[in-house]
Amino acid sequence: MSELGHFIGVGVGPGQAGLIPVAALQALQQADIIYLPRARGSEQSVAQQCLAGLPVDASKFRDVEFIMDPDRSLLADHYAALAASVAAELEQGHNVAYLTIGDSMTYSTYGYLLAALRERLPGLAHTTFPGVTSFAATASALSWPLGEGKERMLILPCPDDMAALEADIASHDIVVLMKIGQRLPDVLALLSRLGIAQHCAFARRIGLSDEILCPDVSQLDASASGYLATMLIRRQAREKRHS
């Protein structure tokens, strides 16, 4: 029986090509197989777009469809099947890489897969490389500091209940809102009611050709899509600091 291959997780950033660590790129170049996750219903993997122009052998690529479903049993079945496929390659001694958008360990499908693999292969050697998060990229693109001094920041998936979001905003200086989806109109209405929309920011598909960057969400069309989107919410206008 072959010695188990090495499993590698790589965060490739939110969309713009090249936002991966040098060490991660070197690991991809040494991998035998590179799994490219593609959202169900999408024609192309965003993760693959993030590798555009980089010296990575495309013959190593394997496209794999992933799902995000609130039904935990469906998710468990999906990632158990994916883990079985990856494990078969690792058991042949192949070094296998799995790409994930943004950061490998921040609301990432990679976490599900890694857990399933470690359960199936307890002795698995693995390395996880971090990646640039969508909120870090959004903050940089809009020159929007995520935290200054002792400001309290909360990162969370958008709740369905806007009263819960309002409570989160009231108890933190900054809220980073992810997984907004179809809740975007409700979020915009809440920020407008609270009178803080003008110092909140929004980005969608950042780094891709059709990105939206909005430094003032009071100007954002409520019909805009909240998928692959991030909101940066500031409870109070940024304090002016003088040297």
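What you see is a predicted model, and the numbers here were worked out from it, not measured in a lab.
In this structure a side-chain-to-backbone donor-acceptor pair under 3.5 Å is present from Arg183 to Ile180. Under a 3.5 Å cut-off, the side chain of Glu211 and the backbone N or O of Gly207 do form a donor-acceptor pair. The backbone N or O of Ala136 lies less than 3.5 Å from a partner atom in the side chain of Ser140, making a donor-acceptor pair. When atom types are taken as modelled, the side chain of Gln219 and the backbone of Cys214 share no donor-acceptor pair closer than 3.5 angstrom. In this structure a side-chain-to-backbone donor-acceptor pair under 3.5 Å is present from Ser104 to Phe129. Proximity of a side-chain donor or acceptor of Asn95 to a complementary backbone N or O of Asp32 within less than 3.5 Å is not detected.
Under the 4.5 Å side-chain heavy-atom criterion for grouping Ile, Leu, Val, Met, Phe, Trp and Tyr, Val175 is connected to Phe202 within one hydrophobic cluster. A single hydrophobic cluster is not seen to contain both Ile33 and Val56; linkage of ILVMFWY side chains at heavy-atom distances under 4.5 Å, directly or through other members, places them apart. At a threshold of 4.5 Å between side-chain heavy atoms, the hydrophobic network of Ile, Leu, Val, Met, Phe, Trp and Tyr places Leu19 and Ile101 in two separate groups.
The pair Asp173-Arg235 meets the salt-bridge criterion, since a charged nitrogen lies less than 4.0 angstrom from a carboxylate oxygen.
Ring geometry for Tyr98 against Tyr35 counts as tilted: the plane angle lies between 30° and 60°, on a 0 to 90° scale.
Between His172 and Ile233, the closest side-chain pair of non-hydrogen atoms is not below 4.5 Å. Asp186 is not listed as a side-chain neighbour of Leu190, based on a closest heavy-atom distance of 4.5 Å or more.
Partners of Ala97 according to the side-chain contact (heavy atoms from CB on, under 4.5 Å) rule, which considers only residues two or more places apart in sequence or in another chain, are Ile8, Leu28, Ala31, Ile34.
The closest side-chain donor-acceptor pair between Thr133 and Thr106, if any, does not fall under 3.5 angstrom. Using modelled atom types and a 3.5 Å distance limit, the side chains of Thr230 and Thr138 yield no donor-acceptor pair.
In this structure, Tyr227 stands alone, with no Ile, Leu, Val, Met, Phe, Trp or Tyr side-chain heavy atom under 4.5 Å from its own, directly or through other members.
Of the residues listed (Leu146, Leu177, Ile174), the one engaging Phe135 in a side-chain contact (heavy atoms from CB on, under 4.5 Å) is Leu146, and it is the only one.
Within a 6.0 Å sphere centred on CD of Glu119, other residues, nucleotides and ligands contribute 12 heavy atoms or fewer. The number of heavy-atom neighbours closer than 6.0 Å to CD of Gln198, taken from other residues, nucleotides and ligands shown, is above 12.
The two residues Met178 and Ser134 make their nearest non-hydrogen contact at CE-OG, 3.8 Å.
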